[in-house]
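Everything on this sheet refers to the single structure shown next.
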Amino acid sequence: MATNQNARDLQWALQVLKSRNLDLQSVSFFLSQPNSCCLQETERSMNLSITKDTLLQFSQFLKVLGTDGKNNLRNLEFHLVEWELQQMKDLRMLLENNPNIKQLMFRRNKFNVECLSELSDSLRKNKCIKEIMLSESGIGSEGAGILASALKDNHSVEELQIWEDSIGSKGAEELSKMIEANSTLKLLTIFDSKSITATPLISAVLARNRSMEVHIWSVDRNVKSLKVVEFVPENSTLRVYNLDISGACRLACSLGLNSTVRSLDMTGVRLKSRWAKEFRWVLEQNRSLREVNLSKTCLKDKGVVYVAAGLFKNQSLEKLYLEGNWFGGIGIEHLLCPLSKFSTLQNQANMTLKSITLGGGRTKIGRDGLAAILQMLTSNQSVTHLGICDDESLRPDDIIKIFKSLERNATLRCISLQGCKGVKGELVLQTIMETLNVNPWIEDIDLARTPLQVAGKTEGIYQRLGQNEKTEPEIDLLKDMAMTVPKSSRVFLCGQEYAGKSTLCNSISQNISRSKLPYLDQVRILVNPVEQAVRTPGMKIKTFKDEDIKISIWNLAGQHEFYSLHDLMFPGHGSASFFLIISSLFKKPSNRQPKNPTEIEEDLQYWLRFIVSNSRRAVQQCMLPSVTIVLTHYDKVNQQADSLQATVSLIQRLRDKFEGFVELYPTVFTVDARSSASVSKLSHHIRKTSRTILERVPRVYQLCNDLVEILSDWRHENRNKPAMRWKEFGELCQVKVPYLRIRSRHDNNEKIEMRRRAVATSLHHIGEVIYFDKLGFLVLDCEWFCGEVLSQLILLDVKKQSSAENSGFICRKDFEKILVGSLHSHIPGMGSNVMENLEAEDLIKMMLKLELCCEQDPSDPNSPLLIPSNLEEGRRKPQRWPVNTLENNYIGRRLQCDDSIHMFLTAGFFPRLQVHLYNKIMGLRNQHGASYSLEKYLISININGIYVRVELGGQLGYSIDVLACSTKSTTEMLRLFQHLIIPAVQSVSHGISLSEYVIRSECVKNLIPPRYRRNQFVHLQQLKQALLSVPAESIYDYQHTWDSITESGNLILGPGFDFARDLLSDDEFKEVLHSRYHDLYNLAVELQVPQENNPDRPSAESDEITSSVEPSFSGIAKGVEAILQRLKIIEQEIKDIKQEIQGLRYYEHRLLIELHRKMNYLVNYNIQLEERKVPNMFYFVRTENYSRRLITNMISGMTALRLHMLCEFRREMHVVEDQIGCELMQVDNITVKCLAPYMTKFMKLLTFALKIGAHLAAGMGEMIPDLGREVAHLIDSPMLYGAAGAAAAGAAGAAAAARNRNRSESSRDIQQDLKAAQQWVVDFLRDQRCSTGKDIAEKFGLFRVRYRDDGQIAWICRRHMHTRAYEIIEAPI
């Protein structure tokens, strides 16, 4: 009965399923139940319990669900089903007809092989199922293999779970093969009775880089479940709980090329060295691992050695935990080796590991381990966290050493000493506090469970850590530092080779500090005089103490190959230094052939010019260079020799010649350099002068003197190293110098770094160190650097050792090999090896910084290098332009020293220019395919179709010639000069002032050698001034003529001419025209020319103003605004140079007529005064250096002036040639009062006239060398009145406002001024007994005449007397 009732219930379920009245998503079958029933849990889920008697209905349910392909069924669960083949086929049909089914669950089912094969076939083709779970279904290894074969081809299943089933190692291997082929599986969960199943599964996941979540469980001996391994892709963490050694090794192999695991945790897994050996390969190959935890893995020394070996090549691991293991000091030593540096030249092998923890368990650090920890903390640059846990082997002294080593560590942020028994005692506490005072970067110190923490003494430590976290107030630490006198001075020995500098240096040293010298140095001094038959190679420096000051003698190498380095050795601004110029009285010490005075003069003059040229490089000169002359080999000279007196005379001439440029000591020392007694006075002079100069130079920070001692101590502690890295200098400042210490980790580190660099630069200036900014090192041993490094770089013969081309470029790698090969050998007399302190790359960077070489392509790290010292001279080769066509234009400019008497371009100038110009061209954004080639004294450039040659005017030249050839215009070529070439030359020439000259075009075209161009150039400003001195109509066609070039009677190049417009660019030519416009503007303002009704018509004589003119500069001119407006219109309308010139001609004509008219008025003003018995137009000149200078401003106390008179012929006033004039011995206050107003007014008009090329006062222009300065002086003069002064200053509005107000007052003033000046002239000439016509004719060459047309009186020259006799009548007094 009950059965029928249950069957009816199942029957009801069948009817419901057939009718599709329910929207089911989940159906669960429970077979072998005591009762059959149908339980609907929710509207979307149904549980069907089926007894053994109603198994047929189970097949019916499968068929019904299989025939309804439109339902939403998603989940199927089967419990206690013993599958038969037909039932499995029904299930297969169900799965094929229902594409929405996503989950299949089999709990405690039983499958035979046929059923599993049928299920496998179904899954192989199914594209919908996402999850399959088999629990306690006994599929075994065979079933796992069948299931794996299906999933190999399935691309939909994402989750596979097999619970409490023993698939065995064989089944695991089959599943691992499936994992290798299947990339869609996202979750794999296995619970197996044996942990061995985990190894192939997780290995396959890792080896194939599957992003698959893996959980593998097993049971232990107590039948308790435990996890074996898990991998979670979301956080990229692999956690291993229990694997045997073989499984761990296989797991390690799978990690080698894995990229999905970032964190590996094997805590508690017992490992052996065999696994560590495999893990070494993982560390070397893997690029994704960031964290590895190997705590409590029982690793011993051998295993840790393998791990350490892997760290050498690892470039990704950041955290490593090794606490609780069994290794000792040997293991620690190897482990920390890749994190340490044992030499300044060695690179730290591993720079990525940031955190490392060790200790605890059976770890015994010991003495070797402690030494390794200290070395790592001292030299490491990457580790930020160090943990030493539960250690019992470290004593309090060891803890103190650890914290002492942290004083110079700027990278460690956290140190943990949890449970360390040695952290106890007051000394440990004091050391920790001292370390925190020096090292502000430590953020945390973990002292939990230490005796110090148990005793409650760590509160002060954490308080100090909190202070280090606070930002210190911004204060200028250098502002209040004490200033003091420098304690070290330098003496530079300058002289040619064989001058005896080295012998003299040794004798001076012996004389000053004989008793203080070590024994070996005394022996060397005794031997050195014999060795002087051989030249001393390179630069040498000898240092000794004189009481509390240090004196260094820098022996500059006299060989010519080292001259290019002398500029680098020159002292900087504020350096306490002076110079000894050593000159031998004999050509060579081996013979007795004396030098003649001319040779000695050339020798001394070279070094004096060298000193003056380099001293101008300083931004400010605190004092003139102090120079002393020393003549050696005096013992061989005949005391009665005439040449000795001649030498004394020439030295006196040099002293006069270089006065104001150097401070030449009045006494010349003549010595026998081999004799200590002979140089005693010189030694005393050196000591005395050193102290004097130390008092005169600027004060330095007391810190600099302290740092000298600190750096000296550092060298002694570091095996006398000659150079230190910038990082080491920073550490030294942090520990030893409170003023340069970073006090908080939130301090402005850039400002502290800037102060350190400022101090290093100051030490560089005073000669204590050689410091190269941005190169990362300081040179502490200047002799080592100058004598061993730079000297060897200059002597390198690159051509013989490489395939370097004549262009100067050499492969970088080849050059590094040459450097290493050349500098590895010890130089005689030197005790250090260059390559032990600096790498070849450091030397190359230094050469790049000093512009001794440059990179062909700065963006390429392997770029070839350009080395100017490797260049060959090619001047004997035929010189020609690469292109030679009729369309070519040629232009040349010369940059020449303004003061070639006292300065020149030093030997190091042109090599630096070659490098600097190349770097500048390579730095252009658009290089236009620029090419660059070099010879010894030549730079050839082709940029944008313009061929440029930059030539040095002689080996020790005073000029640079820049020549160009191109089909482009002269303007384009000169713009390249102005924007690129000339700025580069000027930047390398430092303080030497260079003037620009124009070179004859024919010399450029034919590439005439520099020695023939001596008279083939003209100063650029002189050429412009010549254009300004000619009338406007002559500017465009102005020609500059050139002399011929001859040699030994042979004609090299004939005479010729060039149009100025062809020698100048359009910009320069327009500059000349605009300057003329400016002059016209000022003259128009001064004259106030009235507006012209017809501006296009030139003015005629009828245009002259007939109205009365007031006798004042402000009242005699009208119409300023109209003229200015017309000038602006002209500037806007002109389209080319000829139009500008045409406009200039018109306005010059008008302005000159007005100018002459007003000058004529001044000549004849107050004609009744003495009836014009003396000339009115006078001026004063002063003779300077065989030339005459026009006096435009009268000052009381002026002496030796001469009064001259102008020829007053109307509109043709000029200077009278060969005029004797009258001498004015001294200007007194009365003279100034009478003449100053006249000088100001008349000279201003005169200067304007000269600037626009008016022939008024012709011949006076050469007396005004700087017209612009004179005009500026006149314009700014406070004596200017009314509108004239204001308009000349450019304020037309102010002029108009002031004109009416001051008109009558200024008129009266001018009348009085003119009367006073003319009366002074009359009185002066009377005092000079020059009051008659005959006297005036004799002194001034002027004659008194009267014009026939208007009867006015004038004083004119003899030439006008003859040429204009029909216009005048003689009117003698």
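All figures in this text were calculated on a predicted structure; none of them were measured in a lab.
The ring-ring contact (aromatic ring centres under 6.0 Å, His included) check on Phe729 picks up Trp726, with sequence neighbours excluded. Not counting sequence neighbours, Trp281 has no partner by the ring-ring contact (aromatic ring centres under 6.0 Å, His included) test. Here Arg362 pairs with nothing under the salt bridge (Lys or Arg N to Asp or Glu O under 4.0 Å) rule; sequence neighbours left out. Take Phe279 and apply the ring-ring contact (aromatic ring centres under 6.0 Å, His included) test, not counting sequence neighbours, and it matches Trp275. With sequence neighbours excluded, the residues forming a side chain to side chain contact (heavy atoms under 4.5 Å, CB included) with Lys186 are Glu158, listed by chain and number. By the side chain to side chain contact (heavy atoms under 4.5 Å, CB included) test, Lys194 is found to be paired with Asp192, Ile196, residues two or more places apart in sequence or in another chain being considered. In this structure, the side chain to side chain contact (heavy atoms under 4.5 Å, CB included) partners of Lys277, at least two apart in sequence or on a different chain, are Tyr306. Legend: residues meeting side chain to side chain contact (heavy atoms under 4.5 Å, CB included) with Gln348, ordered by chain and number and at least two apart, are Lys341, Met351, Asn380, Gln381, Ser382. For Arg250, the salt bridge (Lys or Arg N to Asp or Glu O under 4.0 Å) partners at least two apart in sequence or on another chain are Glu173. In this view, Lys364 satisfies the salt bridge (Lys or Arg N to Asp or Glu O under 4.0 Å) rule with no residue, not counting sequence neighbours. Judged as a side chain to side chain donor-acceptor pair (under 3.5 Å), and not counting sequence neighbours, the contacts of Glu284 are Arg280. Qualifying salt bridge (Lys or Arg N to Asp or Glu O under 4.0 Å) partners for Lys727, counting only residues two or more places apart in sequence or in other chains: Glu731.
Closest non-hydrogen pair, Lys272 versus Ile245, comes out as N-CD1, 3.6 Å.
Looking only at distances, a side-chain donor or acceptor of Asn286 sits under 3.5 Å from a matching main-chain atom of Leu255.
Contact check on Arg449 versus Asp390 returns a salt bridge, with a Lys/Arg side-chain nitrogen under 4.0 Å from an Asp/Glu carboxylate oxygen.
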